[in-house]
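Here the structure comes first, spelled out in structure tokens, and everything after it is commentary.
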Amino acid sequence: MKNRIIAVMLTGVMLFTFFGCGKKNNTPSVYFLNFKPESAAAYEKIAKEYEKETGIRVKVMTASSGEYESTLKAEMSKSDVPTIFQLNGPVGYTTWEDYCYDLSGTALYGYLSDQSLAIQKDGGVYGIPYVVEGYGIIYNSAITDKYFALDGAKFASMEEIDSFDKLSTLVTDMTAKKEALGIEGVFASTSLAAGNQWRWQTHLLNVPLYYEFATKGDNTTLEALDANEIEFEYEENFKNIFDLYINNSVTQPQLLGSKSVDDSMAEFALGRCAMVQNGNWAWSQISGVSGNTVAEEDIKMLPIYTGIPGEEHQGLCVGTESYIAVNAKAEQKDIDASVAFLEWLFSSETGKSYVTNELGFISPFNTFNDDEKPTDPLAREVLSWLDSGKVSVDWMFAAFPSEGYKDAVGGALLEYSGGNAKWEDVALAVRERWASERQR
Amino acid sequence: MTKVKNFCIFLLPTLICFFIAFILPFFMGLFLSFTDFRTVTDATFVGLKNYKEVFSGGEFLSSLWFTVKFTVVSVISVNLLAFLLALGLTRGIKGTNLFRTVFFMPNLIGGIVLGYIWQLIINGILYPYGQTLLSSANYGFLGLVVLMNWQMIGYMMVIYIAGLQSVPEDIIEAAHIDGASGWMRLKKIIFPQIMPSVTICTFLTLTNSFKLFDQNYALTDGGPSGKTKMLALDIYKTFYNKVGSEGVGQAKAVVFFIIVAVIALLQLYLTRDREA
């Protein structure tokens, strides 16, 4: 008899460990699935602060780099679902449409300085951007100034560079004089290792495709989303800039397949090259390299010129791929708590100071004053280009058909730079894969 | 009554675990391959559409071909080398135990780590020649074979050693006295005696090569342009990297399961036959 009781208890314990996890309670809670691994520590702090102030528990989980979609898919299938998650743009919205809560009535939506930035459908608002970022060609003005001081320099200052022709002349001449400048190449390695191709197959490709769709309508992202095929009209311009990158680089073109983004940021930070294409998020990568020789005041940014007519009025590529969404399938009390948490984060004094100082975001909300803007040199450059009256290139790569499309283009670029494929193969990948991925 | 009690104590917990961790996901997966879904708890039925897409795109078939090539080469090389090492290390030479340990050690390192280590090594070797691992699909193929060998040989060697040690000394001695040469002894006496080990080793290498994922993911990630993408990686990429293709990825996984099961059963049947 005693044995039977023990047996029943043991089985009970085991069953409990399996099924006992789905406990229910009535206090609202927030579960935030974070997209940016670099912000994980800051969000943990924010969550603690918020719990101290309001008593509402905020659980923060961070997906590892490049694994957000798979983490989100897994978490959404559990009983304890994320209440706040992130969309990468209109394409992400098509995947998660059923899970996005309509935020049109919230104060958070009201805070947006430009409400057209939000992801909207049929009068509902489903995704709200919370950070604006910009990318271009980052350069070290100490090295370019050294060049301008040389005898026979073709330009006198970076202000003169406002087109691809001038950029190309500058870069090739700097390459010719690289010994005198003390650099190994003008550009940092064009990182083409697996998982490190996004600067080219996403960010760089954005420039020619933006111009292609800019003539078709106001919102390039929406135009591109509707397009079942592309012309790749500015193919030649994409080749211009890519060739310039790989032929004036620290690394020989056929060795680029072994280089990572970290490698190229380190090359820039150590002063082995003068320029690198990246965005304002890269500041921590530059300042964090030990032996960093680049002074904070020497870091400047230049738009990506590709030889498209009218580019002297072009600014940096500015946009966002970070939209916040609230899970419509969570319980109503958790939804309300989540919205309240987000409103606190982007409008209260404490919340805002975390956003500016810890997260370093350039926020698109009107709750932020001018003195609450981030102060790192790259963010300052992005803000000054935004104020310069030049036309920013929108981020429309959110409308690229899929990760598979980007991988195909990246693979073609790798084979092209290694000499194993012709440029036509790259152009083919850009065009054909777009059409074939869109068919589904 | 005691039977029921013993069943409850000893078998039921394991059965429940097995049901939750294997049977249930398996049938869920089977069901999901006929649906269009984003999360596994929320699916709509679409019939055979996913399976049509599996075979209409060339990617699945080209990964299948690459996987088959890789499996053939690595099954042969792993087993041959492991057997030779086992032969060498059962001769009682000095330091046998040390060598056995050293050869077994790579097996204790995870696939992802091995993949990144070998990526560095191979890139380091190719770099002076102006090439990288991703310059050609052949490098990726060879890299995977080398990696697989390095990792699996030690394990297979241990199984072969166990087999070799169980061959009775007196039979070998008798053959020796009857005048059988070393090669003849190996072929006619030792080999038939260790057939059970051969069965186990070919089974393990065959299924492991076919299902290889971590090493492939870390070493080349399918590059250049998906030319070194094996089946498991192709399934993963279909599932996560294409919008709305989760069902297709799941269908690929079902086809993959059928292929692996058929090959494994066929191989077991064939080698079992020779054991008798």
Side-chain angles (χ1 to χ4, degrees), chain A residues 3-4 6-8 10-11 13-15 18-19 66-67 69-70 72-78 81 91-92 94-99 192-195 197 252-259 329 401-415 418-421 425 429 436-437 440, chain B residues 1-2 4-10 12-14 16-17 19-21 37-42 49 53 57 59 119-120 122-124 126-137 139 217-229 236-246 248:
Chain A
N3 281 345
R4 188 175 303 162
I6 292 174
V8 169
L10 275 179
T11 340
V13 167
M14 279 172 193
L15 285 176
F18 275 120
F19 302 109
E67 300 288 333
E69 278 295 300
S70 49
L72 182 57
K73 269 177 197 165
E75 290 297 307
M76 281 293 195
S77 313
K78 293 182 181 169
V81 293
V91 174
T94 57
T95 311
W96 295 103
E97 198 170 346
D98 300 343
Y99 292 82
L192 288 167
Q197 301 171 341
Q252 291 172 47
Q254 65 268 30
L255 295 176
L256 293 170
S258 65
K259 292 294 176 188
K329 299 199 176 183
S402 66
E403 285 302 312
Y405 173 73
K406 297 179 198 168
D407 285 348
V409 175
L413 287 173
L414 169 67
E415 295 204 78
N420 298 320
D425 300 319
S436 69
E437 297 272 327
R440 51 180 79 248
Chain B
M1 195 59 210
T2 41
V4 175
K5 201 171 77 184
N6 287 343
F7 176 80
C8 281
I9 297 171
F10 295 111
L12 197 61
T14 323
I16 292 172
C17 292
F19 181 76
I20 290 173
F37 68 98
R38 295 294 174 274
T39 60
V40 293
T41 45
D42 188 5
K49 187 169 149 275
E53 237 176 277
E59 286 197 334
Q119 191 185 40
L120 290 176
I122 296 172
N123 272 334
L126 291 173
Y127 211 87
Y129 303 97
Q131 302 275 302
T132 66
L133 183 58
L134 295 179
S135 298
S136 147
Y139 294 142
Y217 182 75
L219 191 72
T220 63
D221 197 23
S225 298
K227 285 175 192 158
T228 61
K229 196 163 59 177
Y236 176 84
K237 294 215 162 198
T238 314
F239 199 96
Y240 289 114
N241 285 5
K242 285 186 187 161
V243 177
S245 290
E246 289 86 349
V248 181

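Each chain gets a letter, A, B and so on, in the order the sequences are listed, and its residues count up from 1. What's counted below: heavy atoms across the whole structure, side chains too, no hydrogens, waters or symmetry copies.
Proximity to chain A (any heavy atom under 4.5 Å) is restricted, for B:Tyr217, to the side chain, taken from C-beta onward. At a 4.5 Å heavy-atom cutoff, the contact between A:Leu192 and chain B is made by backbone atoms alone. Contact annotation for A:Pro401: only backbone heavy atoms (N, CA, C, O) come within less than 4.5 Å of a heavy atom of chain B. The contact between B:Tyr236 and chain A is made entirely by side chain atoms (from C-beta outward), counting heavy-atom distances below 4.5 Å. Only the side chain of A:Tyr99 comes within contact range of chain B, with heavy atoms under 4.5 Å apart. Residue contact with chain B, scored on non-hydrogen atoms closer than 4.5 Å, involves the backbone and the side chain of A:Leu255 alike. If you measure heavy-atom distances from A:Lys329 to chain B, the contacts under 4.5 Å come from the side chain alone. For chain A, no part of B:Gln119 is nearby; none of its heavy atoms comes within less than 4.5 Å.
Between chain B and the residues A:Ser77, A:Ala74, A:Ala429, the most heavy-atom pairs under 4.5 angstrom are made by A:Ser77. Counting heavy-atom pairs under 4.5 Å between each of A:Gln252, A:Lys406, A:Met76, A:Glu415 and chain B puts A:Glu415 at the top.
With a 4.5 Å cut-off on side-chain heavy atoms, B:Asn241 and A:Asp407 count as touching.
Across all their heavy atoms, A:Ala194 and B:Thr220 have their closest contact at CB-O, 4.0 Å. Of all heavy-atom pairs between B:Ser225 and A:Ala412, the closest is OG-N, 3.6 Å. When all heavy atoms of A:Gln254 and B:Gly130 are compared, the pair lying nearest together is CG-O, 2.9 Å. The two residues A:Ala193 and B:Leu134 have their closest heavy-atom pair at CA-CD1, 4.4 Å. Scanning both residues, A:Lys73 and B:Phe239, for their nearest heavy atoms gives NZ-O, 3.4 Å.
B:Ser245 OG to A:Glu403 CD: the interatomic distance, rounded to the nearest 0.5 Å, is 12.5 Å.
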